[in-house]
Amino acid sequence: EIVLWAAKNDKSKHYFDYQRMKRMNQGKQMRNVWEISSPPAEEKKFGKHPTQKPVELLKRIVLASTKEGDLVLDPFCGSSTTGVAAVSLNRKYVGIDLEEEYLHLSKKRLEEAIMNKTATIPALKKVASR
């Protein structure tokens, strides 16, 4: 996969957490080639998407390019791997797709990600039970 960071012009605001990426790479500048395995079977338990990415890849991208609470937009969300990563990292998420089949798959994956998140955060669990 090719990942591009782009800005509209020199004055465009963007965020790149260089220090976090360096820490994730044992104190060295993050390389431009990342070796990440394809999605494990667990990530495909609700169904498969032909171009599904591993959550590990999207988590790294989200961590590198956003802060907690930021909004992540995925205009071609497919199975919502970006959303699963965003939710698990305390980001807001909006996913868009034309294929109803993949939107159903996305919904299941996101519901599970939210449930896993609330199970680990007592304050959210308390709010969710009301």
Side-chain angles (χ1 to χ4, degrees):
E1 299 298 329
I2 295 174
V3 178
L4 300 173
W5 268 265
K8 186 174 180 179
N9 58 46
D10 291 341
K11 295 179 183 178
S12 293
K13 292 183 180 182
H14 70 282
Y15 178 77
F16 183 78
D17 195 336
Y18 176 82
Q19 292 304 319
R20 180 187 296 263
M21 293 297 98
K22 189 173 177 180
R23 284 191 308 273
M24 289 175 69
N25 197 40
Q26 292 77 42
K28 299 177 185 172
Q29 181 175 333
M30 183 64 75
R31 299 182 346 223
N32 62 354
V33 175
W34 299 346
E35 294 180 26
I36 298 174
S37 299
S38 59
E42 172 67 18
E43 292 181 21
K44 296 180 179 187
K45 70 181 178 184
F46 295 118
K48 297 178 182 180
H49 186 277
T51 62
Q52 187 167 334
K53 314 295 183 278
V55 173
E56 183 183 347
L57 171 64
L58 276 298
K59 280 185 174 182
R60 189 178 295 182
I61 292 168
V62 169
L63 285 170
S65 60
T66 66
K67 300 174 191 170
E68 280 196 31
D70 280 355
L71 175 65
V72 176
L73 172 66
D74 187 354
F76 311 99
C77 69
S79 62
S80 287
T81 301
T82 301
V84 170
V87 165
S88 72
L89 297 170
N90 298 317
R91 275 62 171 177
K92 298 171 196 151
Y93 172 73
V94 174
I96 302 166
D97 205 289
L98 292 174
E99 299 294 329
E100 192 168 336
E101 171 188 358
Y102 298 130
L103 291 173
H104 290 298
L105 170 57
S106 291
K107 183 179 178 190
K108 290 176 187 174
R109 292 186 76 207
L110 290 167
E111 286 172 346
E112 180 181 64
I114 291 166
M115 290 303 290
N116 288 341
K117 186 81 177 146
T118 58
T120 61
I121 303 175
L124 287 178
K125 189 174 184 180
K126 190 174 184 180
V127 170
S129 64
R130 288 184 187 168

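Side-chain atoms are counted along with the backbone in the values below, which use heavy atoms only and exclude waters and symmetry mates.
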* Asked: Is there a donor-acceptor pair under 3.5 Å between the side chain of Ser88 and the backbone N or O of Ala85?
  -> yes
* At what distance, to the nearest 0.5 angstrom, does CD of Glu99 lie from OG of Ser106? -> 11.5 Å
* **Partner set under salt bridge (Lys or Arg N to Asp or Glu O under 4.0 Å) for Glu101, not counting sequence neighbours** => none
* Residue Asp10 excluded, over 12 heavy atoms near CG under 6.0 Å -> no
* Structure fact -> Residues pairing under ring pair (Phe, Tyr, Trp, His ring centres under 6.0 Å) where one sits in residues 60-96, two or more places apart or in two chains, turn out to be none
* Would Val3 end up clustered with Tyr15 when hydrophobic side chains under 4.5 Å apart are linked, directly or stepwise? -> no
* **From OG (Ser80) to CG (Asp97), nearest 0.5 Å** => 7.5 Å
* Return the set of residues passing salt bridge (Lys or Arg N to Asp or Glu O under 4.0 Å) with Glu35 (not counting sequence neighbours), or none when no residue passes. => Arg31
* Asked: What closest approach, in Å, do Gly83 and Leu110 show between heavy atoms, and which atom pair accounts for it?
  -> C-CD2, 3.5 Å
* What residues, two or more places apart in sequence or in another chain, satisfy side chain to side chain contact (heavy atoms under 4.5 Å, CB included) together with Leu98? -> none
* **Pairwise side-chain contact, Val84 with Leu58, heavy-atom cut-off 4.5 Å (strictly under)** => no
* Asked: How would you list, by chain and number, every residue that makes a side chain to side chain donor-acceptor pair (under 3.5 Å) with Glu112, sequence neighbours excluded?
  -> Lys45
* From CZ (Phe16) to CG (Leu63), nearest 0.5 Å -> 11.0 Å
* Who are the side chain to side chain contact (heavy atoms under 4.5 Å, CB included) partners of Ser37, not counting sequence neighbours? -> none
* Structure fact -> For residues 25-47, the ring pair (Phe, Tyr, Trp, His ring centres under 6.0 Å) pairs (sequence neighbours left out) are none
* Going hydrophobic residue to hydrophobic residue with side-chain gaps under 4.5 angstrom, can you get from Leu73 over to Leu89? -> no
* Structure fact -> Applying side chain to side chain contact (heavy atoms under 4.5 Å, CB included) to Glu111 and not counting sequence neighbours gives Lys107
* To do: Output every pair passing salt bridge (Lys or Arg N to Asp or Glu O under 4.0 Å) with a member in residues 83-92, not counting sequence neighbours, ordered by first then second residue.
  => none
* Structure fact -> Sequence neighbours excluded, the answer for salt bridge (Lys or Arg N to Asp or Glu O under 4.0 Å) partners of Lys22 is none
* Structure fact -> OG1 of Thr82 to CD1 of Ile61, rounded to nearest 0.5 Å, is 7.0 Å
* To do: Could you grab the distance from atom OG of Ser79 to atom CG of Asp74, nearest 0.5 Å is fine?
  => 9.0 Å
* **Distance (rounded to the nearest 0.5 Å) between Arg23 CZ and Met30 CE** => 10.5 Å
* Between Cys77 and Val94, does a side-chain contact (heavy atoms from CB on, under 4.5 Å) hold up when you go through it step by step? -> CA-CA 9 Å; Cys77 69; Val94 174; over 6 Å; no
* Backbone of Gly69 reached by a side-chain donor or acceptor of Asn90 within 3.5 Å -> no
* Asked: With sequence neighbours left out, what residues match Arg20 under salt bridge (Lys or Arg N to Asp or Glu O under 4.0 Å)?
  -> Asp17
When the side chains of residues 48-55 are checked against the rest of the protein, which donor-acceptor pairs come out under 3.5 Å, sequence neighbours left out?
| residue | atom | partner | partner atom | Å |
| --- | --- | --- | --- | --- |
| His49 | ND1 | Thr51 | N | 3.1 |
| His49 | ND1 | Thr51 | OG1 | 3.2 |
| Gln52 | NE2 | Glu43 | O | 2.9 |
| Lys53 | NZ | Thr51 | O | 2.5 |

